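Below: one structure, written as structure tokens.
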Number of protein chains: 2
Amino acid sequence: MDQALQRQSPPPVSACEKIEPEPMFDLIEALFFAYRDFVGEADRLLLRYNFGRAHHRVLYFVDRRPGLSVAELLDLLKITKQSLSRVLKELLDQTYIEQRPGQADRRQRLLFPTEAGHALALEIAQVQSRRFARALEKLPAGARAQGAAFLAAISDAREDA
Amino acid sequence: MDQALQRQSPPPVSACEKIEPEPMFDLIEALFFAYRDFVGEADRLLLRYNFGRAHHRVLYFVDRRPGLSVAELLDLLKITKQSLSRVLKELLDQTYIEQRPGQADRRQRLLFPTEAGHALALEIAQVQSRRFARALEKLPAGARAQGAAFLAAISDAREDA
DNA sequence: GAAATATGTCAATAGAACTGACATATTCAG
DNA sequence: CTGAATATGTCAGTTCTATTGACATATTTC
């Protein structure tokens, strides 16, 4: 049943065309599986509210950064405003999020979670945190800080927000 | 410009309903941004071949586990065979992947990368590895092994394959 | 007052996933 | 050998998320 063997050790590069090191397949795969299972769990929870992954991302950031402008949210999510609009409208209609005009700039519509929105965001964050907690139990002390630093280093340096 | 402040320290839980610890927002966010930027880079590269993220995932695993059966691939990706079919067909048609009947069980269609498929898979893996390499430069020695262990602990234990 | 900005919205499209139903080839168990 | 189970493929319809392009409105700024 194990005809699915790995393409293993780098065949000691025959020619000499700018020897690129062996790709870090361990990290590539580990990140894929970690993210797949991490979001999969939240997805199942969101189904109960007829929300998808996109709703979650919006609610998450609005809850974490109450008073966020639409433009700031778009930049965080790296999607277009048309993509955001459907999802945001549903969250507004079902009063998980509310808008208030900016006091300084009244063109802005600042986004705030409602009580229900905050509660839902918290519930999902707790489910995801329990996964992290289970993972950290198996790891030596300091793993949380190391893990956070590792992940931060992977994303592009310029994390605004 | 910083009206987007954090909902910070856990307001020392007023009542006493099974005190849930403060969610690990640092890890939740770091994993989101790391994955977003990690796959975003590959996505841009894939555009040149008119392939999407789904094609990449299939090609990646077929290249890593040549001789994989369709059922095994479905289980790795956690998608349905109908979802796989369009993507796999395109990869077969454009000869990045080829099928051979299993010698033991001739019902199976074992998947193998072609030369072109292997080259493309490698190219993408190298781009992603360079991102990891840049990240690891900033981190202390041992960060790679720690990071891999951290990610593995996050995904559900039973990684078959 | 004109230009730039922040947001909203309409329309059309694409990509990736889903469910359900059904067909074919092959293996396996009785 | 026959019938059930398995591995795969495929058709049809749907959902969700995202895209581009065009245009409207309110507000701020020069």
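Residue numbers start from 1 in every chain, and the chains themselves are labelled A, B, ... in the order their sequence lines are given, proteins ahead of strands. What you see is a predicted model; the values in this text were computed from it and never measured. Worth knowing before you read on, the calculation uses all heavy atoms, side chains too, and leaves out hydrogens, waters and symmetry mates.
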- Parallel, tilted or perpendicular, as decided by the 30° and 60° cut-offs, for the rings of Tyr96(A) and Tyr49(A): perpendicular
- Task: Assign Arg53(B) to base, sugar-phosphate, or nothing according to its heavy-atom contacts below 4.0 angstrom with the strands shown.
- Result: sugar-phosphate
- Message: Students often get this wrong, so: under 4.0 angstrom with heavy atoms, is Glu90(A) touching a base, only sugar-phosphate, or nothing?
- Response: nothing
- Message: For DNA chain C, which residues of residues 38-49 of chain B approach it to below 4.0 angstrom with any heavy atom?
- Response: none
- Task: Check whether any side-chain nitrogen or oxygen of Ser83(B) sits under 4.0 Å from OP1 or OP2 of dC18(C), and answer yes or no.
- Result: yes
- ring-ring contact (aromatic ring centres under 6.0 Å, His included) with Tyr35(B): of Phe38(A), Tyr35(A), Phe32(A), Phe33(A), only one passes, and it is Tyr35(A)
- So does Arg107(B) reach the base of dT6(D) with its side chain, donor to acceptor, closer than 3.5 Å? yes
- Message: Output the rounded distance in Å from NE2 (His55(A)) to C1' (dC16(D)).
- Response: 9 Å
- Do Leu151(A) and Phe150(B) touch side chain to side chain, with heavy atoms closer than 4.5 Å? yes
- Message: Whether Lys78(B) and Asp37(A) form a salt bridge (side-chain N of Lys/Arg under 4.0 Å from carboxylate O of Asp/Glu) is what I want to check.
- Response: no
- Query: At under 4.0 Å between heavy atoms, what does Lys81(B) touch on the DNA or RNA strands: base, sugar-phosphate, or nothing?
  - Reply: base
- Report the distance from atom CZ of Arg86(A) to atom P of dT19(D), rounded to the nearest whole Å. 11 Å
- Message: Rounded to whole Å, please give me the gap between CD1 in Ile79(A) and P in dA18(D).
- Response: 5 Å
- Indicate whether OP1 or OP2 belonging to dA17(C) is found under 4.0 Å from a side-chain N or O atom of Thr80(B). no
- Message: Under a 4.0 Å threshold between the charged nitrogen and the carboxylate oxygen, would Glu41(B) count as salt-bridged to Arg130(B)?
- Response: no
- Would you call Glu98(A) and Arg109(A) a salt bridge, taking side-chain N to carboxylate O under 4.0 Å as the test? no
- Message: Suppose we call a contact any N or O donor and acceptor under 3.5 Å apart; does that hold for the side chain of Gln82(A) and the base of dG21(D)?
- Response: yes
